[in-house]
There are 2 protein chains.
Amino acid sequence: MAASIIDVARAVGVSPSTVSRALRGRDGVSDELRVRIIAVAADLGYTASRNASSLASGRTCSIGVLAPYVGRWFFGTVVDAAERVFSAAGYDLLLYNLGSVDSRKRFFAELPVRKRVDAILSLLIPTGDEAERLRSLGIPLAITVGGPRPGFTTVGIDDRAGAELATRHLVNLGHRRIGRIGTRPSAPLYWTTPDLRRRGYLDVLVDAGIPHDPDLEADGEYTVEGGERAMTRLLTAVRPPTAVFAESDEMAMGALRALRAHRLRVPEDIAIVGFDDHELADVVGLTTVAQPVAEHGTQAASLLLRLLRDDTDVPDHVELPTHLIVRNSTAPHRGSLHGDIE
Amino acid sequence: MAASIIDVARAVGVSPSTVSRALRGRDGVSDELRVRIIAVAADLGYTASRNASSLASGRTCSIGVLAPYVGRWFFGTVVDAAERVFSAAGYDLLLYNLGSVDSRKRFFAELPVRKRVDAILSLLIPTGDEAERLRSLGIPLAITVGGPRPGFTTVGIDDRAGAELATRHLVNLGHRRIGRIGTRPSAPLYWTTPDLRRRGYLDVLVDAGIPHDPDLEADGEYTVEGGERAMTRLLTAVRPPTAVFAESDEMAMGALRALRAHRLRVPEDIAIVGFDDHELADVVGLTTVAQPVAEHGTQAASLLLRLLRDDTDVPDHVELPTHLIVRNSTAPHRGSLHGDIE
DNA sequence: CGCACTTGCGCAAGCGTTTGCGTTCGGTTG
DNA sequence: CAACCGAACGCAAACGCTTGCGCAAGTGCG
């Protein structure tokens, strides 16, 4: 059986309380005794039981992370980055995969994190009710997607401006029939900020005096398959687009696949611009709006730690930069005379 | 403050022990009382504190997952799949990202999972010492990569056979100068089975009567960048390969990038075959050896659950199938007359 | 030299559950 | 009808730690 704090205490000849204080750096222990205790503890291979210690202290030294789907590059990257920060600070990471409607419902109904975590990092946007449930826990909360939100610390990007970047790029290339594939808040589990990327897209169209054509918009899941299906739908329009803004790189890659299936060339026949700067966007030559994905995790995690330390002046929103990366999936519109004048 | 079991007990007018038994489905409680207790508990929004309950019962209802890098597609997918199984069974998932030498060392030195998890799922191959430490925990252990291993339940593929599949494909296409990019056990943190994929590659070469040329092998990290660097190195050889077997799709994609940088066409100038069937392998048209990645997680998680249930006849190794998927990154060797005769 | 502090440590009461055992009580048995 | 038994429930002791408080010895000061 693993050694307990009592074993250590007995071995040193002191009380358990002294061992506890010594090991956790609290004062009230002489230096000489402390080193002896530490040595004995190491010798016995003693590690404090987190359960017992959190029961007693009320602190759990773990953070709950809510993700819709760790398998997806974006979330995996964020979780990875956050974990580094947390583990460096001595916190463990409890991962909850809330991708399905079921698991998500169950989670918010039972709230298994209650009394189990010191803070929560959500990579999904809670609904109003869900947010209320989370707030009821009375612990620091952070969200890495979507805009500022009362009761939550948020880190994110300016989705609208990012989408404008992408769309304007296409406009500048001479495109007029610009499609959009993305997600609308219709789905029960959509996770991006309601419509913000779409708004950016629409803004630029208006700005450029391009009439809006609903046939040029297609929604689906934020996945390769979702993008593929959405793109396929766009292609069946009476007048298909000459360029498409995909709200995520994974959707953009799905679009690429659909285009290949239809024997259309990119960017000659159709230009594509994505969003995120996926690890492999470079490999497939995808023009995209880059955002510092890992930074989402790093920042959010750091903010939570500061909150846990009762730091003052912890900002409640951090905005990360975006910028356009032009690769080979976009080119001037054929039949258009002006190039990209950006 | 959240309701405790005592609050529930008082509200119903029974003892805490009865509440505990009622809520956890133990018998010794009349049906009528049980429903009343359940109702009151729900009403009060009571959730048992996992900490207290695991302290008392010795069961933690959580599983530790060791991953080298959740951000990588392979691991993210496995973790995701495993999480679904665990959470469905009421287990929480404690994620430990052991990608860096530091974090890995610290983890095995302190073993923070001690008394914190009921079982461990490792996505990395522990060294001898590390394995020893894990075994000392006295809990069920599973590994999703690498072959059978005493003291561990393993699920994996036949790496050697998979590599043979890939290499033979290239041989059959008429290639004779076949390169390999992958990882050798030289690195302190390599995670694939020592050399098995390489062995498969070598086997086929011997079989085909192709002399081995060390200049055609390049090792690096299992990442896009690693693959890119390795490929670049191969290209600087006196006589570069006409085909390359990459030990992972991510490396293969890196190779693709390197080739594009060198203005070489795939598959005309160089054929590439990868390993894993990455989500995006399809998008880039990569020929690859497919393995059911999510299945690694699902299977391993299920096996652990069975072990925790004290099931009998739990196999200690499950082998998953692999198969070759031919796409556009491979083609017959130019100047070679015979096509793929597979 | 007496006083008030400080320092270093032990005591013991939790923290919120689970669980072995004991008790009560209505209902079989022989 | 006594003896017995199982069902239903309460008691209290863990589980392994933290921490407020108390106490003794040592320190500085006037």
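FYI, side chains are in, hydrogens and waters are out, and symmetry mates aren't considered; it's all heavy atoms of this structure. Note on naming: letters A, B, ... go to the chains in the order of the sequence lines (proteins, then strands), and numbering restarts at 1 for each one. Source: prediction; values computed, not measured.
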Short side-chain N/O contact from A:S30 to OP1 or OP2 of C:dC9, under 4.0 Å: yes
Side-chain N,O (B:R26) to OP1/OP2 (C:dT18) below 4.0 Å: no
Presence of B:R24 side-chain N/O under 4.0 Å of C:dT17 phosphate oxygens OP1/OP2: no
Side-chain N or O of A:S49 closer than 4.0 Å to phosphate OP1/OP2 of D:dC17: no
C:dG10 base / A:R21 side chain donor-acceptor hit below 3.5 Å: yes
Nearest-nucleotide 5' precedence on DNA chain D, B:D27 against B:A56: B:D27
Distance-only polar pair, side chains of A:S20 and A:S17, donor-acceptor under 3.5 Å: no
Gap between atoms CG and P, on A:L23 and D:dT18 respectively (whole Å): 9 Å
Whole-Å gap separating P (D:dC17) and CZ (B:R114): 11 Å
A:R114 and B:T47: side chain donor to acceptor below 3.5 Å: yes
Among C:dG16, D:dG16, D:dT18, the one nearest A:S57 by side-chain distance: D:dT18
Presence of A:S20 side-chain N/O under 4.0 Å of D:dT18 phosphate oxygens OP1/OP2: yes
Spacing between A:R34 atom CZ and C:dG8 atom C1', to the nearest angstrom: 11 Å
Interatomic distance where CG belongs to A:L55 and P belongs to D:dC15 [whole Å]: 14 Å
Closest to side chain of B:S17, choosing from D:dC15, C:dC11, D:dA12: D:dA12
Sugar-phosphate only, base, or nothing, as touched by A:R50 at under 4.0 Å among non-hydrogen atoms: nothing
Side chain of B:R59 (C-beta onward), nearest among D:dG16, C:dT19, C:dT17: C:dT19
Heavy-atom donor-acceptor pair, A:S4 side-chain to D:dC17 base, under 3.5 Å: no
Distance in angstrom units between B:L33 CG and D:dA7 P, rounded: 16 Å
Minimum-distance nucleotide (side-chain atoms of A:Y46 versus C:dC9, D:dC17, C:dT17): D:dC17
A:D118 CG to C:dC15 C1', straight-line distance once rounded to whole Å: 15 Å
Interatomic distance, B:I6 CD1 vs C:dG16 C1' [rounded to whole Å]: 7 Å
Below 4.0 Å: OP1/OP2 of D:dG10 and any side-chain N or O of B:T18: yes
Earlier contact from the 5' end, DNA chain D, for B:S15 and B:A52: B:S15
Side-chain heavy-atom pair A:L23, A:I37 within 4.5 angstrom cut-off: yes
A:F107 and A:Y96 aromatic centres sub-6.0 Å: yes
salt_bridge(B:D129, B:R133) N-O dist < 4.0 Å: no
Donor + acceptor pair across side chains of B:T60, A:R50 (<3.5 Å): no
Whole-Å distance separating the NZ atom of B:K115 from the P atom of D:dA14: 16 Å
